[in-house]
Each structure stands twice: as C-alpha cells, then as structure tokens.
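Numbering of ligands and ligand atoms starts at 1, following listing order.
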Amino acid sequence: MQEIWYIFKDDKLLLCRSSEPRLLTSCDVGALSGLLINKGTVVIGDRDKGKVINEFWGEMAHNAAVPGNMITMGLREVGSTFGEEVFYKAARAFQLMKWYGHHLFCMSCGGRLKPSPFDNGKICPSCGAIFYPPVTPAIIVAVEREGKILLARNANFPPGRYSVIAGFVEPGESFEDAVRREVKEEVSVEVKNIRYFGSQPWPFPHTIMVGFTAQWASGEIKPDGREILDARWFAPDELPDIPSGISISRKLIDHFRQYNI
Ligand SMILES: [Zn+2]
C-alpha cells in the first residue's frame, strides 16, 4: 500500500507540483530530510493487531524553503480541491502534528512525555500518566421558522457572510442543552424539536462539529451584539453570502434549501 505523507509548513499542507497537485508519498520525502522538526505516524485505533501503518505526518521548519517541485495549500482549499475524504485524513494528520509538537510535558509531574507504543497517545515515563490528542465538541444548528432559516453574522466573519449558529459544548451539558443555550445566548430565540443531522471533524484546531436541525419555539431575534452582529430569518431563495466548500454549516444550509424550495 502506498505511503502518504501529510507534511505541513506554517499550517499548510505540502503537495507535489505537477499538472495536478498531488499528495506526497514516501518517494517525495527524501528531499525534505533535514527540513522536518517533527514527524510521526497516524495510528487509527490500536497500533497492535497487525495493522499496516501507511499514513505519516511531519512538520517543516518555519524558516525552511519549500522545494521547487512542491507547493503549499491551506486545509480548507485541500477540502475543496481533493474532497472530503482527503480533507479528513489531512485534518487528522494536522491535529496530531499540532498536539505532538506542543504537548511535550506531563501535566501531572512535568516529566517529558514519550509516544505511546500502542496508539496516538503519549505516556509519562516518570509517573505513568497517559495523554491523548484533545477533541473538543461544538454544536452547530440550523433553526427553521415557517420555511425560513436563521442565519447570523459572526463578528469574525468576512464582510457580508452569514451562517448557522454554532458554539462549544460546556462541561455538564448534553448536545441538546448546548443547542438551546447557544441559540438563546446569541440571538435570544427559544428552539424545539432538536434533531441530529451529522458531524464533522474540524481541525481548527481540534473540534468535532455536531450538527442539528431545530425549529423556532418562541422569541424574536435579538443579536447579542458581541459575538453576533446581525441575525435574520432568510427564505431559501433570498440567502445571503454563505460558507462555501465542504463545511457542515454549508451542508445544513443546503439541506434546508433542498427541502424548502
Ligand atoms: Zn508524569
């Protein structure tokens, strides 16, 4: 099986420059020897059980020059260029790279951690503590009212961009609690009929987006003015600028449009 190397420089994925950009294989990485500050394997599940490991991650030094036969590409563009499957694999490698590079010491005793021989974790040789790459859940929800969808303008969005409501799950909350709280906090609306839609790993930096649909129950939109600058009900044929590409936010909006036009 061909080995694939997901090597990043300044958070962008290195690709071979050919007529069509392509992922790096073991044949390509020789040119990068001495330029990587970190590298490792991508382990899915347990490392033992006779598994063949054929995916690797690497981090290129910040000041190293990208070889002439290679280019770099941001992860979102990787998704729109190569599709979801490659995006998820590159995203997993990216998250491992970030965590391995930054989580160096034991949070219990301060000892220097070593990679686990069994999986993607790290073990402290001094006290035996085990650590795993973090995955942070966030909810994202399309709220519908009489054939219109609730879209909001986040303060961090590009000008004119609207999307569905999203936010991190807090300790002690169910996903449904988080949906109710986030919608209430951000636009002062109560929702009902919360239904699971789907999920998506989102590596910026280590989130799992858990998507829902819901229906308006009560209240009029009042943006919080801090995180959300504007929010409105939009009919399917009058949508504003919305996220593009493979994001679950776009899938939720497309799903609404499909069933309301
Ligand atoms: Zn320790």
So salt bridge (charged side-chain N to carboxylate O under 4.0 Å, His left out) across residues 3-18, not counting sequence neighbours, yields D11-K98

Residues pairing under salt bridge (charged side-chain N to carboxylate O under 4.0 Å, His left out) where one sits in residues 233-244, two or more places apart or in two chains, turn out to be R161-D241

Quiz item: Are side-chain N/O atoms of Y162 and D230 paired as donor and acceptor at under 3.5 Å?
Solution: yes

**Report entry** Ring center gap for F87 and F82 short of 6.0 angstrom
**Finding:** no

The number of protein N, O or S atoms lying under 2.8 Å from the Zn ion (ligand 1) is 4

Salt bridge (charged side-chain N to carboxylate O under 4.0 Å, His left out) pairs touching residues 167-180, sequence neighbours excluded, are E170-R181, E173-R181, D177-R180

TODO: Decide whether D119 and Y132 meet the rule of one side-chain donor and one side-chain acceptor closer than 3.5 Å.
DONE: yes

